Amino acid sequence: MIKTEKLIKSYGKGDLELQVLKNLSLTIQKGEFVAIIGPSGAGKSTLLYQISLLDTPTSGGVYINGKNMSSLPEKEKTYFRLRELGYVFQDYALLPELTAIENVALPILMQGVSKITALKQAEEALARLSLTEKKHNLPSELSGGQQQRVSIARAIAHKPHILFADEPTANLDSVSAEPVMEAFAELHKDGQTIIMVTHETEYANKAGRVISLKDGIVVGDAKNA
Amino acid sequence: MKKALQIKRELQNALRVGWFLAVRSLRRGSKWTTTLIIFIMILTFLNLVVVSGLLLGLISGSFVAFREGYSGEVIVTSAAQRSYIENSQNLITFLEHHQQVKDMSVRYGTSAQILGTLTDLPEKNERANQIGIRLIGLDPVAEERMTHFSRFILHGETLQAGEEGYLLIGANMIKKYSAFADANIPGLDLLTDIDIGDRVRVSITSTEGTIKKDFILKGIVKSKVDEISTRAFITDKELRRLIPVNKNEVQEIAIKTDEAYAPILVKEIKDFMGSYAARVQTSGEAIPSFLRQVETTMGMLGNALSSFALIVASITIFIVVFINAVTKRKFIGIMKGIGVSPLAIECSYIFQAMFYGITGSIVGLFLTFVVLKPFFDAHPINFPFSDGILVATPESATLRVVILLVVTFAAGYIPAKIIVRRNTLDAILGR
C-alpha cells in the first residue's frame with residue numbers, strides 16, 4: 001500500500017517559492033492500476049517523483065507498506081528502488097550502448113543475480129512484451145513503440161511491487177501506443193500495482209482508478225468500471 | 001561481520017556491473033574517441049619513458065662506450081703517486097688463471113712528446129709542432145679481443161702484432177681531425193700538417209735521460225672516449241724496449257668479466273694486491289664524478305619533463321572522462337533511478353579509464369622495447385661527447401606504468417564521482 005500524507009513539494013525560496021504539491025494526501029492499494037491526470041503544471045509528474053522515491057518532498061511523508069520512505073538515506077532509497085520499484089520513462093530512457101536484452105538485464109544483474117540468470121529473466125520479460133526477435137538490437141535499431149516496450153520489460157523483469165510510468169505514450173503515435181497500453185493492462189490483470197501519469201484521457205480510462213490533479217491538489221478520484 | 005559481508009557483496013556487485021557497463025561502452029562507443037584517448041596514453045607513456053630515457057642515455061651512452069672501448073668491467077691502474085701497478089706480473093698471472101676473467105688487455109704507458117714536423121725547425125718566436133701525450137703500448141691482438149680496437153681507426157690502419165716503427169695517434173691531438181681545433185684553447189697544443197704515412201719523432205724523458213725514436217703515423221684513432229682519442233699507441237713490445245726502467249711493470253689492465261661479478265673481482269684483486277699497489281675500480285667507479293653528476297641532473301630533468309607530461313595526460317583523461325560522463329548525465333541518472341548503485345557507475349568509468357591506461361602502456365612498452373630501444377641501440381644519437389642511447393629497463397618502465405595507471409585511476413574516478421553524486425532526478429530531467 002502507498003500512502004502520502006500532507007505532501008508538499010516547493011521549488012525556489014522566499015517570494016519566488018512555488019508550491020507544486022499542496023498538502024496532498026492519497027492512498028493507493030496493492031494491485032491497483034492508477035492513472036494520474038491533469039493539465040500541464042498540475043503536479044502529476046512531481047507527485048510521481050515523490051512517491052517513486054526519485055525526489056524528496058519539502059514536507060509530509062510517503063509511506064510504502066507503512067514505512068516512511070521520505071526520510072530514508074539516498075543509498076537505501078536506491079536499494080529500495082532496485083528491489084521494489086520499476087520505472088517506465090516518457091522518453092524510454094534506454095542505455096544506448098546496451099542491447100534490448102542487456103538493458104532489461106541491468107537491474108537484475110545489479111541485484112547480484114548471475115549473468116546467465118539475469119539474461120534468462122530479461123529474455124522472459126521481453127517475450128512477454130513480444131520482443132524476443134529484437135533482443136539483440138540496440139535502442140537505435142528499434143522503433144519508439146518497441147523502445148517503450150523494452151523499457152516496460154526492464155521495469156518488470158525484476159518483478160517489482162510497484163510499476164511507475166511517466167507519460168509512457170507521450171512520444172508515441174496511437175498505433176505504437178496501443179501495444180504499450182495493452183502491456184500495462186496485461187500486467188495489471190496479473191496483479192501488478194501500476195501508477196501511471198498521463199495527460200491523455202483515452203489511456204487514463206484504461207486504468208482502474210483515475211486521480212485528477214489541478215494546481216497541486218486532488219480534484220477528482222474516480223474508479224473506472 | 002554482517003555489515004562487512006554486505007559491503008563485500010555490494011563491492012563485488014558494483015565491480016561486476018561496472019565491468020558489464022564498461023565493456024559495452026568501450027565496444028559500442030565511438031571508436032574514434034577510444035583510439036584518440038589510447039593514442040594520448042601511448043604518447044604520455046613514451047613521454048614518461050623515452051624523454052627521460054634519452055636524457056639519461058646521453059650520459060649512459062658514454063658510460064657504455066667507456067666500458068666497451070676502454071675499461072672493461074674492471075680496470076686496474078697505477079695507484080696515486082705511483083707510475084705503475086706494483087707486482088703487475090703477479091697480478092697478470094692471477095687474472096690469467098681466474099675463472100671469471102673472460103679477457104683482459106694489459107697496457108704499458110709513459111708520458112711522451114711527439115714532434116710532428118721533422119724537416120723544418122721552428123723560426124724565432126715560433127713554437128715547434130710538438131705535443132705532450134700519453135703513449136700507450138698495447139698488445140694489438142689482446143686489445144682487439146678486448147675492445148675491438150680497430151673500430152676506432154678513423155684513417156689508416158691499426159697496429160699488427162710484432163710490428164715496429166708504427167704509431168697511432170688520437171684524433172683529438174691532431175688539428176686536422178680534432179673537435180677542439182677551432183676552439184683556440186690556451187695551452188692546448190695540437191699537431192699540425194701531419195697525416196697518415198708521415199714520420200713523427202717520439203721523445204720519452206726519464207731520469208735516465210731522453211730517448212728519441214721516429215715512427216711512421218699508421219693510423220688516426222677516434223672515439224668519444226677521451227682515453228682513446230687523446231693518446232698515442234704503439235705495440236707493447238716496442239714501448240718496453242724504449243723505456244729504460246721497470247720494463248715489466250704495466251700501467252693499466254682492462255678486464256672483461258660479468259658486470260654483476262665486477263665488484264667481487266675488484267675486492268678479490270684488492271685482497272690479492274693490497275690496498276696501495278694499484279687503483280682497482282669497476283667501470284662505473286672509474287667514470288669521472290662530474291659525469292655522474294651530469295647523469296643525476298639529466299635524470300632530474302627527465303623526471304621533471306615526465307611529470308609535466310603526466311600532469312597533461314591526467315588532465316586530458318580527466319577532461320575526456322568528465323565530458324563523457326557529462327554527456328551521459330541523463331543515462332547516469334536513469335541508471336541510478338532504476339537502482340544501479342553509484343559505485344557501479346563509478347566503477348564502469350574507472351574500468352574504461354584503466355582500459356585506456358593499460359592499452360596505452362602495453363602499446364608504449366611494445367614501442368619502447370621492440371622498436372625504439374633496438375633502434376637507438378643500432379643507431380645511437382650522435383652527440384659530441386657520447387653516442388646517445390635509450391635507457392629503458394623493465395624495472396623503470398614498470399614503475400612508470402604503475403604511475404600512469406594510478407594517475408589514470410584518479411583521472412577516471414574523480415570526474416565520474418562528480419557527475420554521479422548529482423541529484424538523480426535532475427540528471428534524468430536534464431536540469
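Lettering of chains follows the sequences in order, A, B, ..., and the numbering in each one begins at 1. Because the structure is a prediction, the values reported are computed rather than measured.
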| What part of B:Thr424 lies closer than 4.5 angstrom to a heavy atom of chain A: side chain, backbone, both or neither? | side chain

| Taking every heavy-atom pair that is under 4.5 Å apart, which of A:Leu98, A:Leu53, A:Asp55 has the most such pairs with chain B? | A:Leu98

| query | By a 4.5 Å heavy-atom criterion (distance strictly below it), what part of B:Glu10 contacts chain A: side chain, backbone, both, or neither? | reply | side chain

| said: Quick check on B:Arg16 against chain A: is it the side chain, the backbone, both or neither that has a heavy atom closer than 4.5 Å? | reply: side chain

| remark: A:Thr78 and B:Lys336 have their tightest heavy-atom pair at CG2-O, 4.0 Å

| task | Measure the shortest side-chain to side-chain distance between A:Leu94 and B:Phe331 over non-hydrogen atoms and say whether it is less than 4.5 angstrom. | result | no

| request: Provide the closest heavy-atom pair for A:Met110 versus B:Gly339 in the form atom of the first, atom of the second, distance. | output: CG-O, 3.5 Å

| request: Pick one of side chain, backbone, both or neither for B:Val17, based on which atoms fall under 4.5 Å of a heavy atom in chain A. | output: side chain

| task | Calculate, to the nearest 0.5 Å, the distance between atoms CD and CG belonging to A:Glu102 and B:Leu21 respectively. | result | 9.5 Å

| Given that the side chain runs from C-beta out, which part of A:Thr99 has a heavy atom under 4.5 Å from chain B: side chain, backbone, both or neither? | both

| request: Heavy-atom distances under 4.5 Å only: say whether A:Leu85 touches chain B with side chain, backbone, both or neither. | output: neither

| field | Side-chain touch A:Glu97/B:Lys328, heavy atoms, less than 4.5 angstrom | value | yes

